[in-house]
J.: 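Questions regarding the structure given below will be posed in turn.
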Amino acid sequence: MTAVTSMGRGAAAAALLLVSTVVHAAGDLSRQEPIEVTIELGQPGQHAFAPNKLRFETGKLYKLVLKNPSDDPHYFTSHGFTQLIYTRKVQVVQERDGKMTILAEFKGAIREIEVYPGQIAEWWFVPVAAGRVTDLRCGIVDKSGKTHAEHGMVGEIVIE
Ligand SMILES: [Cu+2]
């Protein structure tokens with residue numbers, strides 16, 4: 001009876017070993033097909049993020065398109081967000097003859113991005129930690145001496 005039990009344990013251990021050797025790593029998470037999300041930085045005469053709430057999931061690759069359709073430059077600044085993600089790259093793109101042309105690509109940790117009127121930047125990243133941050137803001141000061149954030153250009157980012 002004891003021999004059977006110990007044999008059973010041995011088989012279980014062998015099965016466990018087998019399972020652990022066939023488990024595959026997820027691979028390079030930054031090389032997936034990206035999920036595209038667009039956020040507009042302002043509208044003519046209006047300082048706001050649209051949408052002003054963004055939601056992402058850990059482990060997925062996102063291409064966050066920062067589009068500025070307004071007449072003013074705007075920042076996408078969130079220190080909290082940058083602590084929760086791995087940046088693969090940031091691209092500056094421009095529409096030429098109906099197709100998107102990449103003008104420049106930046107790699108490494110990015111802290112904030114400023115997009116000029118009528119321009120587009122793409123932030124490619126993988127969220128690596130969950131959290132909710134409410135420090136998304138545009139800190140540009142307008143003629144009245146107030147920041148765009150004080151005019152309501154703030155937002156929230158949730159990573160699940
Ligand atoms: Cu702004």
Side-chain angles (χ1 to χ4, degrees), residues 20 22-160:
S20 69
V22 296
V23 165
H24 293 285
D28 189 339
L29 295 174
S30 72
R31 295 287 153 186
Q32 310 168 58
E33 264 306 300
I35 297 166
E36 191 170 323
V37 175
T38 298
I39 184 168
E40 290 192 340
L41 311 186
Q43 284 288 335
Q46 195 194 331
H47 302 322
F49 291 107
N52 61 5
K53 275 188 186 171
L54 295 172
R55 193 173 289 271
F56 305 107
E57 279 178 47
T58 54
K60 293 183 175 171
L61 175 67
Y62 289 92
K63 177 172 98 175
L64 178 62
V65 180
L66 307 171
K67 210 173 198 172
N68 183 350
S70 80
D71 307 318
D72 300 283
H74 292 293
Y75 269 88
F76 182 96
T77 302
S78 169
H79 178 71
F81 173 63
T82 65
Q83 301 305 295
L84 300 174
I85 64 163
Y86 164 77
T87 295
R88 175 172 148 193
K89 62 182 174 182
V90 169
Q91 292 187 157
V92 178
V93 297
Q94 197 172 59
E95 202 174 335
R96 273 185 194 164
D97 307 323
K99 69 178 186 94
M100 301 308 274
T101 303
I102 301 166
L103 301 184
E105 199 172 288
F106 305 88
K107 300 208 169 84
I110 304 290
R111 299 294 290 273
E112 56 186 355
I113 296 177
E114 181 179 11
V115 184
Y116 292 130
Q119 305 302 324
I120 300 168
E122 296 174 353
W123 196 338
W124 294 57
F125 62 90
V126 178
V128 294
R132 175 178 171 266
V133 297
T134 54
D135 64 347
L136 174 62
R137 63 195 304 277
C138 173
I140 289 185
V141 177
D142 73 1
K143 291 174 223 124
S144 72
K146 282 185 171 178
T147 63
H148 290 178
E150 286 171 312
H151 285 291
M153 197 163 184
V154 294
E156 177 186 314
I157 301 170
V158 176
I159 294 175
E160 292 169 321

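In listed order, ligands and their atoms are each counted from 1.
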J.: Suppose the cut-off is 2.8 Å; which protein N/O/S atoms would you list for the Cu ion (ligand 1)?
T.: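 Only H74 ND1, C138 SG, H148 ND1 fall inside 2.8 Å of the Cu ion (ligand 1).
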
J.: For G118, is there any backbone N or O sitting under 3.5 Å from a side-chain donor or acceptor partner on N68?
T.: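 Checking the backbone N and O of G118 against the side chain of N68, no donor-acceptor pair under 3.5 Å is found.
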
J.: If we ignore angles and hydrogens, is there a donor and acceptor under 3.5 Å between the side chains of D72 and S70?
T.: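 S70 and D72 do not have a side-chain donor-acceptor pair below 3.5 Å.
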
J.: From the options K63, K60, K67, select the one residue that forms a salt bridge (charged side-chain N to carboxylate O under 4.0 Å, His left out) with E36.
T.: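 Testing E36 for a salt bridge (charged side-chain N to carboxylate O under 4.0 Å, His left out) against K63, K60, K67 leaves exactly one candidate, K63.
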
J.: Would you please indicate yes or no on a ring centroid separation below 6.0 angstrom for W123 and F81?
T.: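 Yes; W123 has its ring centre under 6.0 Å from that of F81.
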
J.: Are side-chain N/O atoms of D142 and H148 paired as donor and acceptor at under 3.5 Å?
T.: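 No, because no side-chain N or O of D142 sits under 3.5 Å from a partner of the opposite role on H148.
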
J.: Under a 3.5 Å threshold, yes or no: a donor from one side chain and an acceptor from the other, between Y75 and E114?
T.: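 A donor-acceptor contact under 3.5 Å links the two side chains.
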
